[in-house]
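I have placed the structure first, in the form of structure tokens, so that the comments after it can refer back to it.
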Amino acid sequence: GGAGNGHMLSNASSGGVIKPFINEAFCVNLEPEGAAVEAVGEVNILPCAIGADGQQQHWERDGLLLRYKINRDYCLSLNYAGVIVLARCQSGDDPAQDWVLEEAGDPDDADYAGAWNIKYFTHINFCLTVNRTKVENGPLEGANLNLETCDGSTSQMWLLQPASVQGATHLVTRLVADEAGSRARK
């Protein structure tokens, strides 16, 4: 796949969400849920939310940075323990906060359409990965993210979606569910 800048998240006034390819119902989220952004914590995956709750799942692309939409002073970062966290963005170049987005898999393979790898700029052969134990044994909810050697697995593939689409997707899902429910009641 060719290198891309992840145009779906760039310069979008509303930012966007980052979803694990293995389950689109989840979004990259700041943990602990609902804490003040100053309580910088690990980043994990939780079910995608809408409205105010959904705001803590919105990210913005800024050069090599992935900024946290609620407070753009914070960025997706790698800590010394190899865990993905939210940390104050460094004004200089901090290699722990530099990410490259590349299309994942074979572009001709429809199974992986829209999938991206989020690669660590300093060591480009390392990819953002969903905790593999959680992927294999569950539960996926609350799984943390770490950095592992890129291996082409779906645990390292991500879908990037503008926030407006995320809201529309939820709306469509709700409308379809409501209609199915009302038909069932008749």
Side-chain angles (χ1 to χ4, degrees), residues 5-102 116-124 126-135 139-148 150 155-164 166-167:
N5 66 352
H7 59 276
M8 297 74 145
L9 297 184
S10 64
N11 303 324
S13 58
S14 57
V17 293
I18 304 171
K19 300 178 167 202
F21 184 79
I22 48 176
N23 190 330
E24 290 182 52
F26 288 85
C27 287
V28 173
N29 183 87
L30 173 66
E31 162 74 10
E33 190 176 359
V37 75
E38 282 70 25
V40 175
E42 289 188 12
V43 171
N44 65 2
I45 56 173
L46 285 180
C48 296
I50 50 172
D53 290 340
Q55 291 295 311
Q56 66 194 36
Q57 298 174 342
H58 291 181
W59 302 87
E60 279 182 352
R61 190 83 174 125
D62 179 14
L64 292 173
L65 301 174
L66 282 167
R67 289 185 183 270
Y68 191 52
K69 176 67 178 159
I70 294 176
N71 186 335
R72 298 183 79 256
D73 291 338
Y74 288 84
C75 288
L76 195 71
S77 306
L78 179 71
N79 74 6
Y80 294 111
V83 177
I84 305 301
V85 297
L86 194 70
R88 186 171 283 283
C89 303
Q90 301 304 312
S91 52
D93 283 336
D94 182 354
Q97 298 181 335
D98 290 348
W99 305 94
V100 174
L101 305 184
E102 274 186 13
W116 293 78
N117 289 131
I118 300 177
K119 295 187 166 191
Y120 191 49
F121 181 74
T122 310
H123 297 284
I124 207 73
F126 283 87
C127 285
L128 190 67
T129 308
V130 180
N131 180 311
R132 290 183 195 269
T133 307
K134 297 278 192 177
V135 171
L140 205 51
E141 184 165 340
N144 63 336
L145 309 179
N146 46 35
L147 205 60
E148 293 187 17
C150 301
S155 299
Q156 298 179 335
M157 292 183 186
W158 302 89
L159 298 167
L160 311 175
Q161 194 176 82
S164 54
Q166 170 69 6

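- For the pair V17/H58, a side-chain contact is recorded, criterion being any heavy-atom separation below 4.5 Å from C-beta on.
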Chi angles and distances behind the salt bridge (Lys or Arg N to Asp or Glu O under 4.0 Å) call for E141, K134: CA-CA 8 Å; E141 184 165 340; K134 297 278 192 177; over 6 Å; no
What's the verdict on side chain to side chain donor-acceptor pair (under 3.5 Å) for Q156 and N117, showing C-alpha distance, side-chain angles and the deciding distance? CA-CA 6 Å; Q156 298 179 335; N117 289 131; 5.1 Å; no
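- Considering all non-hydrogen atoms of both residues, K119 and I124 come closest at CD-O, 3.4 Å.
- Here the closest non-hydrogen pair linking Q57 and A49 is OE1-N, 2.9 Å.
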Between I22 and V135, is a side-chain contact (heavy atoms from CB on, under 4.5 Å) present by the stated rule, with each step listed? CA-CA 8 Å; I22 48 176; V135 171; 3.6 Å; yes
Go through the steps for L78 and T122 under the test side-chain contact (heavy atoms from CB on, under 4.5 Å), then give the verdict. CA-CA 11 Å; L78 179 71; T122 310; over 6 Å; no
I'd like to know whether W158 forms a side-chain contact (heavy atoms from CB on, under 4.5 Å) with V28, so could you lay out the CA-CA distance, the side-chain angles of the two residues, the decisive distance to 0.1 Å, and finally the verdict. CA-CA 10 Å; W158 302 89; V28 173; 3.6 Å; yes
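- With contacts defined as side-chain heavy-atom distances shorter than 4.5 Å, the pair V85/L76 does not qualify.
- Looking at residues two or more places apart in sequence or on another chain, you find a side-chain hydrogen bond (donor to acceptor under 3.5 Å, both in side chains) between N144 and N131.
- Applying the side-chain contact (heavy atoms from CB on, under 4.5 Å) rule to R72 yields the partners E60, D62, R67; only residues at least two apart in sequence or on another chain are considered.
- The two residues C27 and P20 have their closest heavy-atom pair at N-CD, 4.3 Å.
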For N44 and L145, run side-chain contact (heavy atoms from CB on, under 4.5 Å): C-alpha distance rounded to whole Å, both residues' side-chain angles, the deciding distance at 0.1 Å, then the answer. CA-CA 6 Å; N44 65 2; L145 309 179; 5.9 Å; no
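- Ring centroid separation for the pair W99 and F121 does not come in under the 6.0 Å cut-off.
- Residues T129 and L147 fail the side-chain proximity criterion, which asks for heavy atoms closer than 4.5 Å.
- Interatomic distance, CZ of R61 versus CD1 of I18, reported as 9.0 Å (0.5 Å rounding).
- When side chains are defined from C-beta on, Y120 does not count as touching C127, because their heavy atoms never get closer than 4.5 Å.
- Considering all non-hydrogen atoms of both residues, C150 and F126 come closest at SG-C, 3.3 Å.
- In this structure, SG on C75 lies 8.5 Å from CD on Q90, to the nearest 0.5 angstrom.
- Here the side chains of E24 and L159 are in contact, with some heavy-atom distance below 4.5 Å.
- Side-chain rings of Y68 and W59 approach one another, their centers coming within less than 6.0 Å.
- Contact of the V83 side chain with the N146 side chain is not registered, since no non-hydrogen atoms from C-beta on lie closer than 4.5 Å.
- At a threshold of 4.5 Å between non-hydrogen side-chain atoms, the residues D98 and L65 count as touching.
- Taking the side chain as every heavy atom from C-beta outward, D73 and C89 never approach each other to under 4.5 Å.
- Remark: side-chain polar atoms of E102 are not paired, donor with acceptor, to backbone N or O of V100 under 3.5 angstrom.
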